[in-house]
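Have a look at the structure below, then the notes.
If you read the sequence from its start, that first residue is 1, and numbering goes on from there. Note that this is a predicted model, so its numbers are computed, not measured. Every heavy atom of this structure was used, including side-chain atoms; hydrogens, water molecules and symmetry mates were not.
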Amino acid sequence: MKTNIFFDWTLILDEGLSPVIDEQNKKMVIIDRSIELNAVIWLDENDVIQLKPTWDCVISIDDKNKAITIRHADFLRENN
């Protein structure tokens, strides 16, 4: 897992995931090694964080610590 900062949120990503940040528009996309989109994250006009996940990722939100963890959905199958 690797840690990235998105404004005042900490993002913890699987090693195979990479963030692409557009600071001017307060948006981030998460892509994997095959350049497949895994999630879009943005701050709306009220600075409320918004998430749009895809079907193949798991997103966990720790609002107390302002941390978001994004993993491939394979994580669920591997831990059963």
Nearest heavy atoms of H72 and V58, plus distance in Å: O-CG2, 4.3 Å

Is there a path of hydrophobic side-chain contacts, each under 4.5 Å between heavy atoms, that joins [X] and [Y]?
| X | Y | answer |
| --- | --- | --- |
| I30 | I59 | yes |
| I61 | L17 | yes |
| V40 | I68 | no |
| I41 | L37 | no |

Interatomic spacing from [atom1] in [X] to [atom2] in [Y] - rounded to 0.5 Å:
| X | Y | atom1 | atom2 | answer |
| --- | --- | --- | --- | --- |
| M28 | I21 | CE | CD1 | 3.5 Å |
| Q50 | E45 | CD | CD | 8.0 Å |
| M1 | D14 | CE | CG | 5.0 Å |

Who clusters with V48? Use side-chain heavy atoms, under 4.5 angstrom, across I, L, V, M, F, W and Y, and order the result by chain and number. none

When you look at CD of E15, are more than 12 heavy atoms from neighbouring residues, nucleotides or ligands closer to it than 6.0 Å? yes

What pairs of donor and acceptor atoms, side-chain ones from residues 4-13 against any protein atom, are under 3.5 angstrom apart with sequence neighbours left out?
residue : atom : partner : partner atom : Å
D8      : OD2  : K66     : NZ           : 2.6

Residues that D47 engages under side-chain contact (heavy atoms from CB on, under 4.5 Å), provided they are two or more places apart: K26, L43

